[in-house]
Each structure stands twice: as C-alpha cells, then as structure tokens.
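No hydrogens, no waters, no symmetry mates; every other heavy atom, side chains included, goes into these values. Keep in mind that what you see is a predicted model, and the values were worked out from it rather than measured. In what follows, every chain begins at residue 1, and chains take the letters A, B, ... in the order their sequences are listed.
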Protein chains: 2
Amino acid sequence: MRNTEQKSVILEVLQTHKDHPTADQLYSEVRERLPRISLGTVYRNLEKMSQAGVILKLELGGGQKRFDPTPTDHAHFRCVNCSSVEDLPEDFAIDLPDISSIDGTNRIVLGNTLEYYGYCEKCAAERQLN
Amino acid sequence: MRNTEQKSVILEVLQTHKDHPTADQLYSEVRERLPRISLGTVYRNLEKMSQAGVILKLELGGGQKRFDPTPTDHAHFRCVNCSSVEDLPEDFAIDLPDISSIDGTNRIVLGNTLEYYGYCEKCAAERQLN
DNA sequence: CTATTTGCAAAGCCTTTGCGTGACT
DNA sequence: AGTCACGCAAAGGCTTTGCAAATAG
C-alpha cells in the first residue's frame, strides 16, 4: 500500500469523527483540503484501509456504508430516523459465544457484528414533542 | 393490506426456503408460477410483509437485502465467500443487555441484529483443498 | 523506471417510483 | 364504486471500474 496525500488526508479526516460518516460525507470534508480529489479515490482508499484493518467498514441496515476510525470490536447503535450511527460503550460488548463453537458445524467464523437500532437521543426528544 | 395472488405466492415461495433469498431470487422462483409478475411487485410485497411483521427483511453486510420467512429474533451467519445467509440455532441467541439500559442515554431502542460472518461449511471445505 | 494511484466519467447493481390499467372488498 | 395493487419502464442512489495521466518508491 503506497502512501499518498489523498490517503493520509482521508484517514486524518475520518479520525476527527466521533460518529461514523458515509463516503460522501468524508468526500466533501476532504475536498476542503484537497479540492481536486475524486469520490472514486475516496471509495478506493476507504476500501483499502479497511482491508488493511486500519479502519472499519460498517455495513449495517439503512442503506449506505459507513466508516469507523476505530477498528476494534464494539457494538453500534443506528438511528432509524436520522440514520446516524454511534458507538456503544465497550463495557456493553457482550461476551459472544466462542467463535468456533457455533453449533456442530464446520463453519469458519471470522467475526461478528452487533447492531442496535432505534431512535437516537436527538430524534427521541423530537418525537416527544409530537 | 389487500390479499392478492402475487402476495400469497411470494410468501409461499419464501416459506419453502430454509435459507434467506434475495428479492431477485424470489422473483425468478415466483415467476415459474406467475410468469407475468414484475420485480417491482416482488419488492413492494416483501416490503409490506416485513412492515407487517410477517417476514423479516435482513440488511446485513454484503450488499443485497435478504428475506427471512421466520420473523422471530435470531442470529444469522453470512458467508463472505458465497454470500449465503443461514440461521443460527436459537440456543445460540445471547441474552443481550436490557434494551433500555444502554448506558445512561435517552435512546429508544427498538431491537438489535446479531450477525456472524465467515466461511460457510461448503466454502470452508473448498478452501481446505487449496 | 515501473507499478500503483489518481481524476474523470461512465457503467453497474440493486431498489424505488410514476403512471395508467386492472383487481379486491 | 372506490381504493389499493399490478405491470411496465424509467429513474434513483450508492458504489465500482476503465482509462490515460500523474506520482510514489
């Protein structure tokens, strides 16, 4: 994996996020620093970095892929109203059954994804008003 | 929700599945019984039935949505090679933390999705050969 | 130097939607 | 009869990809 300015700026911008932006959100932020970058480059670099384990590509419900600067194992919460995705605290992570013990089959388990969904605090508050 | 032949055939075909077909897989199977049905109708009915809680719409990793005839809560296993999705046994379901107790926030939690991924038995066996 | 990466634009894939016709209750 | 659903086809949204030029190692 070659080092390019595009790649490092994308990573830096992603790392300023506490939430989990989509590729086009990152694109528009990165463009403030690299006005000539293309959306394809953003996608290509996000893909490569997630392959390399530097970041996490999230494919949760709700359509668009999202990217997480923290590649450690943790659960996510997705708002069904505004589609935002937040991390859940680590102590929330459940001790999932031993990866190799899933029933009696010979599957090779690589990992798991735990996603909660509902209304985030902001959208929950707005719903109270109606 | 009105009763149409299209809807009941789609449901019947889905219910013959132990796995979790995509909309276009169902479309081609349903077309054997209703040759003039359109893909749009398949999508519309799957959406309605999942809204009604009759079936489950799965939005897991890997791109396409998949549909599950069993609307109860259970975990899934997705093959990263062939993209198939299987149910995991119910006794595998983890006791997830009480839905309202996720840290100290005021989120409204509606549910959760637990997905394991890796190589299914078939693809795991094929990998042994290489 | 040569292989990888970029920008651009086009294509691809899956899904949704507008419209006029037909079917359910 | 009135509304909801259908078939068709087009549009839509997100993501990937082919290509020639630029760039990293």
Mind listing the side-chain donor-acceptor pairs of residues 52-64 of chain B below 3.5 Å, one per line with the distance, residues two or more places apart or on another chain?
residue: B:Lys57; atom: NZ; partner: B:Glu47; partner atom: OE1; Å: 2.7
residue: B:Glu59; atom: OE1; partner: A:Gly62; partner atom: N; Å: 3.1
residue: B:Gln64; atom: NE2; partner: B:Asp24; partner atom: OD1; Å: 2.6

Using distance only, find each side-chain donor-acceptor pair of residues 117-125 of chain B under 3.5 Å and give its atom names and separation, not counting sequence neighbours.
residue: B:Tyr119; atom: OH; partner: B:Arg127; partner atom: NH1; Å: 3.1
residue: B:Glu121; atom: OE2; partner: A:Asn106; partner atom: N; Å: 2.9

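Side-chain N/O atoms of A:Lys48 include one lying less than 4.0 angstrom from OP1 or OP2 on C:dT5. Note on B:Thr4: every side-chain N or O is 4.0 Å or more away from OP1 and OP2 of D:dA5.
Note: CZ (B:Arg2) to P (D:dA5) measures 6 Å, nearest angstrom. Here the C1' atom of nucleotide C:dT4 and the CD atom of A:Glu47 are 16 Å apart, to the nearest Å.
When heavy atoms are screened at a 4.0 angstrom cut-off, B:Lys57 is found touching no nucleic acid atom at all. Nucleic acid contact for A:Asp24: none, since no nucleic acid atom lies under 4.0 Å from a heavy atom of the residue. Using a 4.0 Å heavy-atom cutoff across all strands shown, B:Gln6 reaches sugar-phosphate atoms only and no base atom.
Taking only side-chain atoms of B:Ile37, from C-beta outward, the nucleotide of C:dC14, C:dT25, D:dG7 with the closest atom is D:dG7. Listed nucleotides: C:dT15, C:dT5, D:dG7. Nearest to the side chain of B:Ser38: D:dG7.
One cannot find a donor-acceptor pair under 3.5 Å joining the base of D:dT16 and the side-chain atoms of A:Arg44.
A cation-pi arrangement is not found for B:Arg78 relative to B:Tyr116, the charged atom failing to lie both closer than 6.0 Å to the ring centre and inside a 45° cone about the ring normal.
Counted by atom type alone, A:His17 and A:Glu29 present one or more donor-acceptor pairs between their side chains at under 3.5 Å.
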